[in-house]
Amino acid sequence: MDKFNVLTGAAAPLNMANVDTDKIIPARFLKTIKRTGLGKDLFSNLRYNEDGSEKPEFVLNQPKYRKAEILVAGENFGCGSSREHAPWALLDFGIRCVIAPSFADIFHGNCFKNGILPVVLPADACEQLMADAALGTNARLTVDLDRQVVVRPDGQEIHFEVDAFRKHCLLNGLDDIGLTLEHVVAIDTYEKNEPAWMPVIAGV
Amino acid sequence: MAASRTLFDKIWDAHVVDRMGDGTCVLYIDRHLVHEVTSPQAFEGLRLAGRKVRRVDATIAVVDHNIPTEDRRSGINEPESKLQIETLEKNVADFGVPYFPVLDDRQGIVHVIGPEQGISLPGMTIVCGDSHTSTHGAMGALAFGIGTSEVEHVLATQTLLQKPALNMLVRVDGAVGPGVTAKDIILAVIGEIGTAGGNGHVIEYAGEAIRALDMAGRMTVCNMSIEAGARAGLIAPDDVTFAYIKGRPYAPQGDDFAKAVDYWRTLPSDDGAHYDKIVVLDAASIIPQVSWGTSPEAVVPITGVVPDPASEADEAKRAQMQRMLDYMGLTAGQKLAGTKVDVVFIGSCTNSRIEDLRAAAAVAAGKHVADGVRALVVPGSGLIKKQAEVEGLDKIFLDAGFEWREAGCSMCLGMNPDKLTPGQRCASTSNRNFEGRQGPGGRTHLVSPAMAAAAAVTGVLTDVRELA
């Protein structure tokens with residue numbers, strides 16, 4: 001996983017609430033056995049017409065947002081399925097940070113596993129950033145994870161909260177499995193103490 | 001330790017392997033269900049790191065999302081689906097993971113077969129790379145969906161790094177009226193609390209109307225917890241649960257079963273246990289539900305009308321409602337009952353159990369699918385299909401003009417050949433009505449199995465209570 005420290009880039013405004021994972025990446029694109037290559041299918045139903053041509057009005061099709069690295073969105077972003085293809089598609093497109101008033105739990109966790117920072121801010125702050133994002137590439141935002149601030153184009157800083165453990169992992173690009181395996185003795189002990197009636201799945 | 005704990009607290013506490021300074025826990029996972037869509041990258045990660053599956057005897061794999069629901073003996077045609085299924089088959093062989101093959105009677109939707117085989121048990125922690133893992137909460141287990149990175153994490157360590165969720169109680173008091181089902185209860189709950197109402201929480205369902213449900217109904221309720229934003233839903237295990245489990249292939253047998261029941265009886269929430277949020281619904285006031293929009297919270301009683309965006313004060317919400325109406329091809333004020341449907345889908349991890357098929361067959365018996373309507377019945381597992389055939393339900397459906405299919409996720413999610421075409425309107429027993437969920441441009445109305453069957457035989461959304 002790539003580290004995340006300070007990101008400065010164009011922010012795209014996606015002013016919709018409840019952007020679900022089927023919107024982010026429809027199920028028909030989940031047949032891949034790889035993590036990469038999903039960027040072209042990101043927001044497919046919103047982004048393309050049935051004949052495959054682009055819908056020019058969709059935000060990521062507009063020239064000033066085609067290289068956006070930050071997405072500013074409405075509440076409950078990422079609701080629906082657990083598909084990690086949603087953050088993979090965002091990442092493959094080039095988006096490293098999503099700012100919204102709230103996120104669905106599974107999507108929120110999946111972002112951290114993939115080097116994407118989900119930033120939760122109050123609705124009024126998101127509205128300000130949405131307005132900043134609407135200015136296009138002249139209005140770049142900076143997201144500083146270490147200092148936990150979003151810096152607006154005028155230099156104003158907005159503080160955000162982030163779970164300390166997740167911040168640590170993201171800043172250092174740490175692999176969760178490696179961290180967990182430091183607890184392997186405790187896991188061994190736990191397994192030894194399982195009740196005798198606990199069945200196993202065998203003989204399938 | 002606090003004197004009074006909830007069901008969630010008890011399961012959580014019993015599975016904490018280690019606790020870090022900031023409250024993050026290493027949580028032990030008792031059961032890991034694996035399917036073809038969210039696992040290939042996880043197995044690949046294990047290979048790259050030279051890791052093995054820590055507990056193959058706590059892991060079970062099956063294919064469900066991709067597979068066609070027509071005869072599969074001649075193989076899978078669609079190349080990408082075929083590759084994903086073959087990849088799972090190679091992975092389970094390489095890593096030694098137990099697997100129910102495509103042509104095995106035990107194959108089916110992952111959230112149907114877990115309880116059916118006695119793999120999902122009370123008090124367990126159960127995960128799967130699928131958000132509808134919440135279904136298994138009906139057993140009195142803590143069951144939640146995870147992403148592929150966490151699938152790899154569980155395969156490698158049999159644990160997850162987690163912080164405890166908040167406790168939410170949804171109590172449904174009293175008894176439901178005739179024609180009102182578990183599906184109507186959960187749709188009404190989601191309508192009440194909204195699609196983000198359960199974010200950060202685990203929902204425990206309680207009250208007389210929940211206790212009165214059979215296990216299939218409880219699974220329907222817990223299944224859609226994620227549609228309310230909660231990662232997990234729970235129902236305290238009771239004698240109904242234990243009777244359901246007894247004798248299932250992978251459940252404890254003999255003396256072990258008795259010992260397990262002794263433990264399971266300690267799990268229900270203590271009197272006075274603390275809930276962070278409590279919601280109470282009156283069962284008698286619940287009318288069969290139907291969704292009108294592209295979010296599961298957009299539901300009304302079948303006796304109701306499509307709401308008017310003009311009545312919504314919030315500008316963003318008003319715009320969202322209008323977008324939903326445009327997508328759904330509906331007009332504000334329009335009655336839901338009488339709206340013509342093109343397709344009826346009875347199936348999915350929400351409503352494909354034998355009890356669901358019986359309820360639909362009871363409505364369809366002696367009637368015929370309306371002209372111009374295509375209706376599919378897709379059992380949740382090969383064993384349910386067999387049971388239905390023993391009971392003659394297949395004949396009822398076929399005589400009535402329904403298609404009778406093989407087990408799989410089918411038209412719930414547009415990943416296999418069963419899809420809506422743009423503009424088609426579907427009465428569906430599945431769980432999500434998102435834009436394009438059942439196929440690009442498809443329009444979904446979420447309903448119960450009885451309501452879906454009623455729509456099939458009348459050709460329009462219908463109040464099943466009025467159908468003679």
Side-chain angles (χ1 to χ4, degrees), chain A residues 15-18 20-23 26-28 30-35 44-46 50 74-76 79-88 102-107 109-110 113-114 163-165 175-177 179-181 183-184 186-187 189-191 195-204, chain B residues 17-18 20 22 24 26 28 37-38 40-41 44 49 57-60 66 80-81 83-84 87 98-100 119 129-131 145-150 152-153 156-159 161 195-196 199-200 229 231 250-252 256 259-260 263 295 316-317 320 413-415 422 432 434-437 440:
Chain A
N15 198 2
M16 292 170 86
N18 299 316
D20 58 69
T21 49
D22 281 83
K23 272 204 187 81
R28 62 185 179 279
L30 309 188
K31 297 184 184 187
T32 177
I33 58 169
K34 296 188 298 179
R35 284 181 161 90
S44 185
N45 293 346
L46 299 173
E50 270 176 61
E75 64 184 10
N76 201 27
C79 61
S81 96
S82 65
R83 61 188 69 163
E84 203 156 314
H85 308 69
W88 293 339
S102 60
F103 291 88
D105 292 340
I106 305 178
F107 175 84
N110 282 342
K113 314 279 185 200
N114 291 281
D163 180 84
F165 177 69
D175 162 23
D176 274 1
I177 296 177
L179 290 173
T180 299
L181 289 174
H183 300 266
V184 72
I187 299 172
T189 306
Y190 183 93
E191 287 176 343
W197 57 260
M198 180 69 91
V200 295
I201 307 170
V204 171
Chain B
V17 170
D18 229 339
M20 300 180 205
D22 73 334
T24 301
V26 180
Y28 198 79
V37 178
T38 56
Q41 298 86 350
E44 188 59 22
D57 61 357
T59 312
I60 183 76
N66 259 298
E80 284 179 302
S81 293
L83 176 62
Q84 210 167 45
T87 302
Y99 172 62
F100 295 143
I119 288 169
D130 189 284
S131 60
I146 56 177
T148 298
S149 295
E150 290 186 316
E152 184 181 341
H153 195 283
T157 70
Q158 205 57 37
T159 67
L161 297 176
T195 51
N199 280 7
R231 285 185 77 174
Y250 297 96
D256 282 345
K259 284 178 196 154
Y263 172 62
S295 169
K317 285 189 179 142
Q320 193 185 2
L413 86 166
M415 259 202 97
R432 289 191 177 132
F434 298 157
E435 287 181 26
R437 170 77 180 183

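- Here the side chains of His85(A) and Gln41(B) are in contact, with some heavy-atom distance below 4.5 Å.
- Of all the listed residues (Leu179(A), Thr21(A), Val184(A), Asp163(A)), the one sharing the greatest number of non-hydrogen pairs under 4.5 Å with chain B is Asp163(A).
- Residues Ser149(B) and Asn114(A) meet the side-chain proximity criterion, which asks for heavy atoms closer than 4.5 Å.
- Between Glu150(B) and Lys113(A) the shortest side-chain heavy-atom distance falls below 4.5 Å.
- Note that the CD1 atom of Ile201(A) and the OG1 atom of Thr59(B) stand 6.5 Å from one another [nearest 0.5 Å].
- The backbone N or O of Pro440(B) lies less than 3.5 Å from no partner atom in the side chain of Glu50(A), so there is not a single donor-acceptor pair.
- Of the atoms belonging to Phe107(A), not a single heavy atom falls under 4.5 Å from chain B.
- Between Asp22(A) and Arg437(B) a salt bridge is recorded (basic side-chain N to carboxylate O distance below 4.0 Å).
- No side-chain N or O of Thr38(B) forms a donor-acceptor pair with one of Glu84(A) less than 3.5 Å apart.
- Using a 4.5 Å cut-off between heavy atoms, Ala196(B) touches chain A through backbone and side chain atoms alike.
- Salt bridge present: Glu152(B) and Arg35(A) bring a charged side-chain N and a carboxylate O closer than 4.0 Å.
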**Request:** Let me see the working for His183(A) and Asp18(B) under side-chain hydrogen bond (donor to acceptor under 3.5 Å, both in side chains), right down to the final yes or no.
**Result:** CA-CA 7 Å; His183(A) 300 266; Asp18(B) 229 339; 2.8 Å; yes
**Request:** List the steps and the verdict of side-chain contact (heavy atoms from CB on, under 4.5 Å) for Lys23(A) and Glu435(B).
**Result:** CA-CA 7 Å; Lys23(A) 272 204 187 81; Glu435(B) 287 181 26; 3.9 Å; yes
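- Using a 4.5 Å cut-off between heavy atoms, Asn199(B) touches chain A through backbone and side chain atoms alike.
- Only the side chain of Tyr263(B) comes within less than 4.5 Å of a heavy atom of chain A; its backbone N, CA, C and O stay farther away.
- For Leu161(B), the part sitting under 4.5 Å from any heavy atom of chain A is the side chain, from C-beta outward, and nothing else.
- Only the backbone of Ala202(A) has a heavy atom closer than 4.5 Å to any heavy atom of chain B.
- If you take OG1 on Thr195(B) and CG on Asn18(A), they are separated by 4.0 Å, rounding to the nearest 0.5 Å.
- With a 4.5 Å cut-off on side-chain heavy atoms, Val204(A) and Tyr250(B) count as touching.
- Annotation for Gly147(B) and Asn110(A): closest pair CA-OD1, 3.3 Å, computed over non-hydrogen atoms.
- Between the side chains of Gln158(B) and Tyr190(A), no donor-acceptor pair is found at a separation under 3.5 Å.
- Remark: the backbone N or O of Met415(B) is paired with a side-chain donor or acceptor of Lys31(A) at under 3.5 angstrom.
- Contacts of Val26(B) with chain A are made by side-chain atoms alone, with heavy-atom separations under 4.5 Å and no backbone atom involved.
- Interface summary for chain B: among Ala17(A), Gly74(A), Gly80(A), the most heavy-atom pairs under 4.5 angstrom belong to Gly80(A).
- In this structure, CD1 in Ile187(A) is found 5.0 Å from OG1 in Thr157(B), a value given to the nearest 0.5 Å.
- When all heavy atoms of Thr32(A) and Pro40(B) are compared, the closest pair comes out as O-CG, 4.4 Å.
- Annotation: maximal heavy-atom pairing with chain B below 4.5 Å, among Asn45(A), Thr189(A), Leu181(A), occurs at Leu181(A).
- Looking only at side-chain heavy atoms (C-beta outward), Asp130(B) and Ser81(A) stay at 4.5 Å or farther from each other.
- Taking chain A as the reference chain and counting heavy-atom pairs below 4.5 Å, the highest number among Ser81(B), Ala49(B), Ala251(B) is found for Ser81(B).
- Ranked by heavy-atom pairs under 4.5 Å with chain B, the list Asn15(A), Asp20(A), Val200(A) is led by Asp20(A).
- Of the possible polar contacts, none joining the Arg231(B) side chain to the Ile106(A) backbone as a donor-acceptor pair under 3.5 Å is found.
- Between atom CD of residue Gln84(B) and atom CG of residue Leu30(A) there is a gap of 7.5 Å, rounded to the nearest 0.5 Å.
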**Working for side-chain contact (heavy atoms from CB on, under 4.5 Å), residues Phe165(A) and Met20(B)** = CA-CA 10 Å; Phe165(A) 177 69; Met20(B) 300 180 205; 4.2 Å; yes
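- When all heavy atoms are compared, the tightest approach of Asp105(A) to Gly229(B) is OD2-O, 3.8 Å.
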